[in-house]
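A quick write-up on the structure given underneath.
In what follows, every heavy atom counts, from backbone to side chain, and hydrogens, waters and symmetry copies are set aside.
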Amino acid sequence: MTLSFEIFPPRKNDNVEKIYDTLEALKDLDPDFISVTFGAAGSKNSTNTLDIATLVKDKYKTKSIVHLPCIHKNKDEILQILQECKKRGLNDILALRGDEVENEKVSEDFSYASDLVKFIKQNGNFTIYGACYPEKHKNSKDFVEDIKNLKIKVDAGVSTLLTQLFFDNEDFYKFRQNCDLANINAKICAGIMPVTNKRQILKITSLCGAKIPPKFVRILDKYQDDEKAMFDAGIAYAIDQIVDLVTYGVDGIHLYTMNNAKVAIKIYDAIKSLFQREIK
């Protein structure tokens, strides 16, 4: 069982020092890997992603996963990024279709993440990760179609899946069962996002389509105007999710940190004995 984190490069106007502070704090938690998202939303520039992934690998001696969306890229652009990854010794790629950005030309080479997975397999000895959706991808018409598409992607060369965030573990367990029935042979790490303010979660769920269960709605309604209480309640909810997932034999926990090391540390301190027990 693995414990990993996701971070993102600073946006244009953000303080770049914050990401270094975050990494300094995360290194003491000894994660199995850290994934680095592809720039800011809609960014076409991979330089920050590769620079931070290289820092994670070289300075902090932690495996780094490079996010690589393909929806607005052609084969030459992807090949250039893969060659740069090879040069830097970045051998782990999270192959993504990515979110479509308004007024940007959609790729003629890559319609789906599975197309990117096949291309990566043809152009280097990379370990390929993929995304999956316990509540199904928002563009899939139903769960059957979603699982069929996921199997195509895994069979193309994905060894590990990272789920989109979810707040109801039952959705994850049903999804995992469906993967077993479809003979999807990949490690599945559960993506958990600690929610510390209401505005944050409403924005994220509107983009990705994840639902907020009634239990969590009550938490948001009760504590939304109390910053400290909302922080504590959000952390407690995430910890409760993780304890349940570990109890039911999850392959790994992938924590969406939002570059907030304080959140990651509080959760790690609460669950570290669970992971130490699994290692034993």
Residue pair H254, T163: steps toward the side-chain hydrogen bond (donor to acceptor under 3.5 Å, both in side chains) verdict: CA-CA 8 Å; H254 189 58; T163 81; over 6 Å; no

Ring pair (Phe, Tyr, Trp, His ring centres under 6.0 Å) assessment of H67 paired with F8: CA-CA 10 Å; H67 288 222; F8 56 83; over 10 Å; no

Working for side-chain contact (heavy atoms from CB on, under 4.5 Å), residues N185 and V154: CA-CA 7 Å; N185 298 311; V154 170; 5.6 Å; no

Evaluation steps, side-chain contact (heavy atoms from CB on, under 4.5 Å), between I93 and C85: CA-CA 9 Å; I93 305 287; C85 286; 3.9 Å; yes

Audit row: E170, K174, salt bridge (Lys or Arg N to Asp or Glu O under 4.0 Å) steps and yes/no: CA-CA 6 Å; E170 290 304 314; K174 290 174 188 173; 5.9 Å; no

Stepwise side-chain contact (heavy atoms from CB on, under 4.5 Å) check, T205 with F167: CA-CA 10 Å; T205 53; F167 299 102; 4.1 Å; yes

Stepwise salt bridge (Lys or Arg N to Asp or Glu O under 4.0 Å) test for R88 and D51: CA-CA 9 Å; R88 295 171 180 246; D51 286 348; 3.0 Å; yes

Test side-chain contact (heavy atoms from CB on, under 4.5 Å) applied to L26 and I7, step by step: CA-CA 10 Å; L26 293 181; I7 60 173; 3.9 Å; yes

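Both I192 and V263 belong to a single network of hydrophobic side chains, linked directly or stepwise wherever heavy atoms of I, L, V, M, F, W or Y lie under 4.5 Å apart. Under the 4.5 Å side-chain heavy-atom criterion for Ile, Leu, Val, Met, Phe, Trp and Tyr, I34 and Y129 are members of distinct hydrophobic clusters. Taking hydrophobic clusters as Ile, Leu, Val, Met, Phe, Trp and Tyr residues chained together by side-chain heavy-atom distances below 4.5 Å, L82 shares a cluster with V117. In the hydrophobic clustering of ILVMFWY residues, with side-chain heavy atoms under 4.5 Å counting as a link, V56 and Y268 come out together. There is a path of hydrophobic side-chain contacts, each under 4.5 Å, that joins V66 to I78.
E104 places no side-chain N or O within 3.5 Å of a backbone atom of V101 that could act as its donor or acceptor partner. Looking only at distances, a side-chain donor or acceptor of T49 sits under 3.5 Å from a matching main-chain atom of T37. Without hydrogens or angle criteria, D109 side chain to K75 main chain gives a donor-acceptor distance under 3.5 Å. A side-chain donor-acceptor contact under 3.5 Å links T257 to the backbone of N259. Distance alone, capped at 3.5 Å, is enough to place a donor-acceptor pair between the E135 side chain and the K211 backbone. Under the 3.5 Å distance criterion, the side-chain polar atoms of S140 are left unmatched by any main-chain donor or acceptor of K136. Put simply, the side chain of R97 gets close to the backbone of S111: a donor and an acceptor are under 3.5 Å apart. Counting only distance, with no hydrogens or angles, the side chain of T196 and the backbone of F231 share no donor-acceptor pair below 3.5 Å.
One side chain, D244 or N169, offers a donor N or O that lies under 3.5 Å from an acceptor on the other. A donor-acceptor pair shorter than 3.5 Å cannot be found between the side chains of T54 and K59.
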Show me, pair by pair, the donor-acceptor contacts under 3.5 angstrom made by side chains of residues 121-128, not counting sequence neighbours?
residue : atom : partner : partner atom : Å
N123    : ND2  : F119    : O            : 2.8

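Here R176 does not pair with D251 in a salt bridge; the nearest charged N to carboxylate O distance is not below 4.0 Å. Between D225 and K198, none of the side-chain N atoms (NZ, or NE/NH1/NH2) sits under 4.0 Å from a carboxylate O, so this pair counts as no salt bridge. Using a 4.0 Å cut-off between charged side-chain N and carboxylate O, D146 and K151 make no salt bridge. One finds a salt bridge joining D240 and K215 here, because a Lys/Arg side-chain nitrogen approaches an Asp/Glu carboxylate oxygen to under 4.0 Å.
Crowding of E145 atom CD: a count of heavy atoms from other residues, nucleotides or ligands under 6.0 Å exceeding 12. By the 6.0 Å contact criterion, NZ on K86 is enclosed, its count of non-hydrogen atoms from other residues, nucleotides or ligands being greater than 12. Around OH of Y173, the count of heavy atoms belonging to other residues, nucleotides or ligands within 6.0 Å exceeds 12. Remark: E227 CD is loosely packed, at most 12 non-hydrogen atoms of other residues, nucleotides or ligands lying under 6.0 Å away.
K266 has its side chain out of reach of I239: every pair of non-hydrogen atoms, C-beta onward, lies at least 4.5 Å apart. At least one side-chain heavy atom of L55 sits under 4.5 Å from a side-chain heavy atom of Y60. At a threshold of 4.5 Å between non-hydrogen side-chain atoms, the residues P10 and I52 count as touching. Residues V195 and Q200 meet the side-chain proximity criterion, which asks for heavy atoms closer than 4.5 Å. Looking at P31 and L3, their side chains never come closer than 4.5 Å, going by heavy atoms from C-beta outward. Side-chain contact check for L220 versus I201: some heavy-atom pair is nearer than 4.5 Å. Side-chain atoms of F275 and I253, non-hydrogen and from C-beta on, do get closer than 4.5 Å to each other. Using a 4.5 Å heavy-atom cutoff, the side chains of T2 and C189 are in contact.
Summarising the geometry of L274 relative to M1, their closest heavy-atom pair is O-CE, 4.2 Å, with the distance given to 0.1 Å. Nearest heavy-atom pair, L161 versus A131, reported as atom, atom and distance to 0.1 Å: CD2-O, 4.1 Å. K153 and S114 get closest at one heavy-atom pair: CA-CB, 3.9 Å. Closest of all the heavy-atom pairs between A113 and A95 is CB-O, 4.0 Å. K57 and G89 make their closest contact through CD-O, 3.3 Å (heavy atoms, listed as atom of the first residue, atom of the second, distance). A pairwise comparison of heavy atoms in Y256 and E6 identifies CE2-OE1, 3.0 Å as the closest pair.
Annotation: cation-pi pair K118/Y112 absent, no NZ/CZ under 6.0 Å from the ring centroid and within 45° of its normal.
Once rounded to the nearest 0.5 Å, the distance linking OG of S4 with CG of L255 reads 8.0 Å. Between the CG atom in L68 and the SG atom in C70 there is a gap of 7.5 Å [rounded to 0.5 Å]. A distance of 12.5 Å separates NZ in K63 from CG in L90, rounded to the nearest 0.5 Å. Once rounded to the nearest 0.5 Å, the distance linking CZ of F5 with CG of D32 reads 9.0 Å. To the nearest 0.5 Å, atoms CD1 (I81) and CG (L50) are separated by 7.0 Å. Between the SG atom of C132 and the CG atom of N149 there is a distance of 13.0 Å, given to the nearest 0.5 Å.
Using the six-membered ring where Trp is involved, F172 and F175 have ring planes that are tilted, between 30° and 60° apart. The aromatic rings of F216 and Y237 sit tilted relative to each other, their planes meeting at an angle between 30° and 60°.
Qualifying salt bridge (charged side-chain N to carboxylate O under 4.0 Å, His left out) partners for D168, counting only residues two or more places apart in sequence or in other chains: none. Every residue meeting the salt bridge (charged side-chain N to carboxylate O under 4.0 Å, His left out) condition with D232, not counting sequence neighbours, appears here in chain and number order: K228.
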